[in-house]
Amino acid sequence: GDWSSDVCSSDLKIISLQSDAMFLARPSTSANGQPLQAEPLILFPAASLERPAGANVRRAHRIAVLGIRDSFWSLSSEPITVPPLQSGEIVLNAAVAEELGITEEDVAAKSAQVTLRIPKPSLLPSDSSLGKKRDLVESLVRLRVVAIIPNRGLGKFSLEPSQSLARNVYLSLESLQDALADSSLR
């Protein structure tokens, strides 16, 4: 599909996605005559995720966080089975799940929990003499992993051109908005 992006800061992007809309003569319908579907989302392109692993902690960095509505999955060209996301729940793509050592069995047993750390946007870099040195990250703790999606289709969604696999996590748009409202991420 096509997309447009308004960059609010280097750490937050607001994007409008449309399915099957690139280079169409009549932009109000898709190539097969169906109405276009636009989906709102919030994107943080560089968060980190951690999972307790016994006495250690497994971490994944440079993770893209997408705040989505449940209807986002209908943009996929192949079927994706994901339960409706509730507050405190997260979906991982297979690349992130593998890096954290989370399996489908962990998801089925409801035993996989992660902590998401999102950098707070700032007009000044933290290493600047005028930049903030504290309170640089917003943490969402004890998020339960409810699904792992394949590294294809929406599981490889990225706005950054790259040869490597996208590393994405998905939260409910509403719960991410609530986290933004409760912090200085806004």
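For this chain, numbers begin at 1 and follow the sequence in order.
Minimum interatomic distance between S71 and S74 (heavy atoms only, all atoms of both residues): O-OG, 2.6 Å. Considering all non-hydrogen atoms of both residues, I149 and G155 come closest at CD1-CA, 3.6 Å. Taking all atoms of both residues into account, the shortest heavy-atom contact from A94 to I148 is CA-CG2, 3.8 Å.
Residues in residues 57-69 take part in these side chain to side chain donor-acceptor pair (under 3.5 Å) pairs, two or more places apart or across chains: E50-R59. Residue pairs that meet the salt bridge (Lys or Arg N to Asp or Glu O under 4.0 Å) test with at least one member in residues 102-114, sequence neighbours left out, are R51-D106. Residue pairs meeting the ring-ring contact (aromatic ring centres under 6.0 Å, His included) criterion with at least one partner in residues 160-179, sequence neighbours excluded, are W73-Y170. The salt bridge (Lys or Arg N to Asp or Glu O under 4.0 Å) pairs that include a residue from residues 70-87 are E78-R152, where partners are two or more places apart or lie in different chains. Residue pairs that meet the salt bridge (Lys or Arg N to Asp or Glu O under 4.0 Å) test with at least one member in residues 86-103, sequence neighbours left out, are E89-R144, E99-R167.
For the side-chain contact (heavy atoms from CB on, under 4.5 Å) test, residues two or more places apart in sequence or in another chain that qualify with Q177 are I42, L173, E174. In this structure, the side-chain contact (heavy atoms from CB on, under 4.5 Å) partners of L143, at least two apart in sequence or on a different chain, are I90, V114, L116, L140, L171. Residues satisfying the side-chain hydrogen bond (donor to acceptor under 3.5 Å, both in side chains) test with S175, not counting sequence neighbours, are S172.
L100 contributes atom CG, which lies 7.0 Å from atom CD1 of I63 (distance to the nearest 0.5 angstrom). The CG atom of N93 sits 5.0 Å away from atom CG of N151, with the distance rounded to the nearest 0.5 Å. Atom CG in N168 sits 8.0 Å away from atom CZ in F157 (nearest 0.5 Å). Rounding to the nearest 0.5 angstrom, the gap separating the CG atom in L49 from the CG atom in L92 is 6.0 Å.
Tracing side-chain contacts under 4.5 Å through hydrophobic residues (I, L, V, M, F, W, Y), one never reaches V57 starting from I102; they form parts of separate clusters.
Within the 4.5 Å cutoff, no side-chain heavy atoms of L154 are placed close to those of L66.
Of the possible donor and acceptor atoms, none in the side chain of S139 sits under 3.5 Å from a partner among the backbone N and O of V141.
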Return all side-chain donor-acceptor pairs below 3.5 angstrom for residues 79-87, not counting sequence neighbours, or 'none' if the list is empty.
none

